[in-house]
Every structure is written in structure tokens, then in C-alpha cells.
Protein chains: 2
Amino acid sequence: MPKTKTVKMSLFLSSYENRLDTKGRISVPSSFRASVSSERFAGVVLYRSFTNKCIEGLSMSRMEQLAAATDKMGVFDSELDDLSAMLFADARPLAFDVTGRIVIPEDLLKHAGITDKAVFVGRGNSFQIWNPEEFKKAQEKSLNNLRSARPNLIIG
Amino acid sequence: MPKTKTVKMSLFLSSYENRLDTKGRISVPSSFRASVSSERFAGVVLYRSFTNKCIEGLSMSRMEQLAAATDKMGVFDSELDDLSAMLFADARPLAFDVTGRIVIPEDLLKHAGITDKAVFVGRGNSFQIWNPEEFKKAQEKSLNNLRSARPNLIIG
DNA sequence: TATAAAACCATAAAATACCATAAAAGTATT
DNA sequence: AATACTTTTATGGTATTTTATGGTTTTATA
């Protein structure tokens with residue numbers, strides 16, 4: 001068995017709204033930076049969400065996990081293979097600058113409808129980047145979904 | 001079988017009323033701190049309760065369990081996915097300071113109607129934080145519910 | 001050389017560490 | 001059982017650091 005160094009990766013939690021400057025730079029929330037601080041690559045990997053009007057974000061090690069999983073499954077599941085192919089083709093590794101900022105590529109911003117502000121949203125082992133308004137809308141929608149699915153579970 | 005490191009987590013028990021200072025700091029009851037003292041993350045994770053006017057609290061390891069479960073199940077259960085998404089987005093990891101205090105974020109305090117005092121309520125593997133008055137009201141209400149549901153079970 | 005990208009510098013506000021103390025709880029001693 | 005002593009806990013205030021954000025300069029590159 002290949003020796004796999006399993007880096008215990010801390011979770012991406014909570015949500016943070018930050019602002020893009022004139023050059024497109026935006027601070028990655030410090031707690032998100034901390035989540036990947038023990039990794040080789042000091043940065044994150046972004047790609048356009050397949051399902052939502054937002055950007056998906058991962059640590060590089062998670063990307064590698066995904067690659068490994070695809071290697072195993074690929075032969076048996078051509079759909080998964082296609083999906084991961086798209087993902088890898090679309091994925092952008094973005095290194096933090098000294099102050100913890102990244103420059104999100106144009107096409108990703110466009111896909112998410114982001115201009116001057118963005119919310120980093122924790123999703124456990126991954127995160128998302130949204131236009132603040134779009135995010136609020138999406139949140140309300142999934143809250144309504146849950147309400148109708150499990151009326152007794154939710155009040156807020 | 002993958003080697004799963006099981007962190008021994010002791011239970012959150014009993015209730016403690018503490019006071020918030022001007023900066024929003026509040027001491028986490030020492031017995032609650034002891035419950036997570038063997039964990040990597042010296043702190044707790046808080047989020048707005050979906051069902052009550054209170055704050056929910058968990059250990060980080062519990063949060064990680066959830067993330068692992070969501071990773072496995074998410075694909076098959078979109079409801080679970082929605083729920084955990086909301087949870088991760090709302091969850092605040094809060095580290096203890098040297099004296100065992102945390103700063104509860106504004107929006108959580110608001111959700112629970114907490115201003116200057118709060119009760120930490122043990123719930124076994126989790127806990128809640130309430131405005132003292134609200135908690136008393138909620139207690140009486142659920143006691144009445146029990147009374148009407150099982151009149152013979154309750155003496156108090 | 002023009003242009004984009006990276007490195008560098010600066011700062012207000014927010015978050016965290018640090019220091020101090022009184023009250024409470026626990027221990028030991030008579 | 002009452003007392004003196006020790007330790008822990010909760011709480012308050014102050015100092016220091018970090019973070020997010022803006023701008024400028026230098027370096028690559030097309």
C-alpha cells in the first residue's frame with residue numbers, strides 16, 4: 001500500500017463576507033486559511049459549481065483525494081469519470097499572497113455573478129463563494145425545502 | 001477497515017448561569033470545558049438552533065463526525081445535504097481564551113434574545129445556551145406537554 | 001515597451017492575549 | 001464540625017496582535 005500522509009484537515013465553517021478591491025483581490029477568511037495551513041500548497045482550488053450559481057472551493061489535498069477516488073471508480077462509472085474530468089479541467093489552483101488574498105479569475109466571478117462583494121460559505125470539507133444577494137436567496141430556498149420536507153424540524 | 005480515531009468525549013451535563021461582560025465574553029462552565037479537553041480544538045462550535053429560541057453547542061469532533069457522515073450520505077440524501085449545508089454555513093468555531101471564555105457572535109445572541117446573562121444547558125452530546133427567562137418558560141412549557149401526554153408519569 | 005502579475009508597504013478596526021482580583025469550591029488540619 | 005489554607009473559577013480591564021483592506025513599486029512577460 002502506498003504510504004499516504006493523511007493530513008488532518010480542519011473543517012470550513014461559518015460564513016464571511018469580504019470585498020474585492022479594484023484589482024480583483026479578495027481576502028480568504030483567516031479561518032479558511034487556517035484550515036489548509038498544514039498543507040503543502042498554501043492556497044485553495046476553485047471551480048465553477050455544476051449545480052449552483054456559485055464558485056466551489058477545496059483544499060489541494062481534497063482535490064488529490066478526489067483524484068484518488070476517481071482512479072478507483074473511474075473504470076466502473078463513466079459518469080463519474082466525465083464529471084471529474086470536467087472538474088479537473090476547470091479547477092484553478094490559487095495561491096494566497098502574503099496577506100492571505102487571492103485573485104479570482106474572471107470567468108469564475110462571472111459564473112457566480114460576483115462583482116464587488118463575496119461571501120465565503122463553509123461546507124465542512126469544502127466551501128463556496130457566492131454573490132451575497134444570490135446566497136441569501138439560495139439559503140431561503142433551501143430553508144423552504146427543509147420546511148416542507150420536515151415541518152417539525154424548523155421554526156426560524 | 002480504516003482506522004478511526006475515536007476521541008473519548010464526555011457528556012455535557014447540568015446547567016450553569018453565567019454573565020456576559022461588556023465585550024460579549026462569557027465563561028464556558030468548567031465542566032463543559034472538561035468535556036472537550038481531550039480534543040484537538042480547545043473550544044466549541046455554536047450555531048443558531050433551527051427549532052428553539054436558543055443557541056446550539058457542539059464539540060468540534062462532533063462536527064467532524066457530521067462532515068464525515070455528510071460526505072458519505074450526501075449524494076443519496078439531498079435533505080441531509082441541505083441541512084448540513086445550512087449547519088456548516090452557520091456554525092461558529094469559538095476557541096476558549098486562557099480563562100475559558102468565548103465571545104458569542106452578535107447574531108447568535110440576538111437569535112436567542114441574550115443580553116447580559118445566559119444559561120448553559122447540558123444535553124448529553126450537545127448543549128444549548130439560553131436567555132435565562134426564555135429557558136424557564138420553555139422548561140415549563142415542555143413540562144406541561146409531558147403532563148398532558150402522560151399524566152401519571154409526573155409528580156412534580 | 002506595454003501590460004499584467006507579483007511583491008511590498010501602510011493602517012484602522014477587530015480579535016486575541018495578557019494581567020489582576022474576588023468569589024467559590026475544594027482540602028487539609030485541628 | 002469548624003477552621004485555616006489552597007486551588008479553581010468567573011469576571012473585569014488593558015495591551016498587543018491579527019485581519020481585512022487600500023495603495024504603490026517592482027518584476028515578469030507577451
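In what follows, every chain begins at residue 1, and chains take the letters A, B, ... in the order their sequences are listed.
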How close or far is atom P of D:dA20 from atom CG of A:L20, stated in whole angstroms? 14 Å
What nucleic acid atoms does B:N18 come within less than 4.0 Å of, heavy atoms only: base, sugar-phosphate, or nothing? sugar-phosphate
Nearest-nucleotide comparison on DNA chain C, the residue closer to the 5′ end among A:R101 and B:V103: A:R101
Can you tell me the distance, in whole Å, between the OH atom of A:Y16 and the P atom of D:dA20? 9 Å
In whole angstrom, what separates B:E17's CD from D:dT9's C1'? 16 Å
Calculate the interatomic distance between B:I102 atom CD1 and C:dA17 atom P; express it in whole Å. 14 Å
When you compare the side chains of B:Y16 and B:S31, does any donor N or O come within less than 3.5 Å of an acceptor on the partner? yes
Think B:S30 has a side-chain N or O under 4.0 angstrom from the OP1 or OP2 of D:dT9? yes
Taking only N and O in the side chain of B:R33, is any of them less than 4.0 Å away from OP1 or OP2 of D:dA10? yes
Identify which nucleotide among D:dT21, D:dG13, D:dT11 has an atom closest to any side-chain atom of A:S27, counting heavy atoms from C-beta outward. D:dT21
Starting from P on D:dA20, measure out to CZ on A:F32 and report it in whole angstrom. 11 Å
Can you tell me if A:T99 touches the phosphate of D:dA20, counting only side-chain N or O atoms and a distance under 4.0 Å to OP1 or OP2? no
Short N-O contact, B:R40 and B:E64, less than 4.0 angstrom: yes
I need the CD1-C1' distance between B:I26 and D:dT9, as an integer number of Å. 14 Å
Quick one: B:D21 CG to C:dA15 P, roughly how many Å, whole number? 14 Å
B:D82/A:K141 ion pair, N-O < 4.0 Å: no
Ignoring hydrogens and geometry beyond distance, is the side chain of B:K23 in donor-acceptor contact with the base of C:dT16 at under 3.5 Å? yes
Any donor-acceptor pair under 3.5 Å between the side chain of B:R19 and the base of D:dG12? no
For B:F32 and B:F120, take the angle between the two ring planes, folded into 0 to 90°, and tell me which bin it lands in: parallel under 30, tilted 30 to 60, perpendicular over 60. perpendicular
Is the shortest side-chain N to carboxylate O distance from A:E134 to A:K137 below 4.0 Å? yes
Rounded distance in Å - CZ (B:F96) to P (D:dA10): 11 Å
